[in-house]
Number of protein chains: 2
Amino acid sequence: MHMVMDSSETDALFDKWQPQARKGWLECFLLLVLSHERGYGYQVATQLREALNAELPEGTLYPLLRRMQRDGLVDTEWDTESGSNPRKYYTITPRGRLMLEKMRTEFEHWQKAMDTLEGKP
Amino acid sequence: MHMVMDSSETDALFDKWQPQARKGWLECFLLLVLSHERGYGYQVATQLREALNAELPEGTLYPLLRRMQRDGLVDTEWDTESGSNPRKYYTITPRGRLMLEKMRTEFEHWQKAMDTLEGKP
DNA sequence: ACCATATGCATAGTATAACTAGGTATGCCT
DNA sequence: AGGCATACCTAGTTATACTATGCATATGGT
């Protein structure tokens, strides 16, 4: 006799939903990180995992970075000198900054929509 | 001689990005609307178009509503009595409310991540 | 010396949801 | 009669996150 509202099922549903919800916004988060300082894949992954407190598989990250380069949002250069493995550094471009601004505006837009639909004045 | 930063290209990129960014969140917005009062497709579409100030094609809306019903987030019933075309009313379920709560939490989570990465204390 | 782990990059294939482009039908206005 | 708003639906396309791999170098423990 309990009032447990079967959260195990919604958990499964939520877990399926989460990756869908991230679509597009990872690009925004990446640009946000790179807007402060250039970085390389593995490093940025670590930063984002902390900030988002979530996993970030490499199969998600690297293809995304390549698309961003393809679209001219970031520039890349290899650093083969530093002791460790060669690192591919990503630097945000002016076009990347423009995109970031638009994305952030969109996010704020959604915040307001949430509040509006919530009934907040 | 001007400093125009070619926003037409980023516009095209942004327009391609937007639908990806909406993935998952439309479900959240829909649940939010239905959490106050039951509604039917066409009506809710109008509400959301206003609140989001964006288009919401029917080819997006109706399949989404069906998925939500399939997943037990909403219940449905036909209203064939009222004068106009038959309307399919959607009512949020307890499970739907649970999902909505989790989604909103996730959104707040992202807000904090944005601020953190932005450098806000 | 050896092996596990961490670092660092990459891709092929799968799943999912938003969208495009169509379809059906009723009621209202001129 | 014709056009428009209302009201629902679906087949097919596209883009992205993820799974499961693969490769290579550096580092730490025994």
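Proteins come first, then strands; the chains are lettered A, B, ... in the order of their sequence lines, and each starts at number 1. All of these numbers come straight from a predicted model, not from anything done at the bench.
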Checking Arg87(A) side chain against Asp79(A) main chain: does a donor-acceptor pair fall under 3.5 Å? no
Nearest-Å distance for atom pair CG/P, residues Leu65(B) and dC8(D): 9 Å
note: Tyr42(B), atom OH; dT26(C), atom P; distance rounded to Å ~ 17 Å
Counting the atoms with a prime plus P, OP1 and OP2 as sugar-phosphate, which does Gly59(B) contact under 4.0 Å by heavy atoms, base, sugar-phosphate, or nothing? base
I need the minimum non-hydrogen distance between Leu61(B) and Ala45(B), along with the two atoms involved. CD2-CB, 3.7 Å
Rounding to a whole Å, what distance do you find between Tyr62(A):OH and dA20(D):P? 19 Å
In this structure, how many angstroms lie between the C1' atom of dT6(D) and the NZ atom of Lys88(B), rounded? 17 Å
Need one value for Pro63(A): base, sugar-phosphate or nothing, where a base atom within 4.0 Å counts as base even if backbone is also close, heavy atoms only. base
Touch check for Phe29(A), heavy atoms < 4.0 angstrom, all strands: base, sugar-phosphate only, or nothing? nothing
Once you round it to whole Å, what is the distance between P of dA18(C) and NZ of Lys16(B)? 18 Å
Has the side chain of Arg97(B) got a donor or acceptor atom that lies under 3.5 Å from a matching backbone atom of Ser35(B)? yes
Have a look at Trp78(B) and say if it touches a base, only the backbone sugar-phosphate, or nothing, with a 4.0 Å heavy-atom cut-off. sugar-phosphate
How long is the line joining CZ of Arg22(B) and P of dT16(D), in whole Å? 16 Å
Please work out if Glu58(B) contacts a base, only the sugar-phosphate, or nothing of the nucleic acid, heavy-atom cut-off 4.0 Å. base
What nucleic acid atoms does Lys23(B) come within less than 4.0 Å of, heavy atoms only: base, sugar-phosphate, or nothing? base
Counting only heavy atoms from other residues, nucleotides and ligands, does the tally under 6.0 Å from CD of Glu101(A) exceed 12? no
Expressed as a whole number of angstroms, how long is the span from Gln20(A):CD to dC18(D):P? 9 Å
Which sits closer to the 5' end of DNA chain D, Pro57(A) or Asn85(A), going by the nucleotide each is nearest to? Pro57(A)
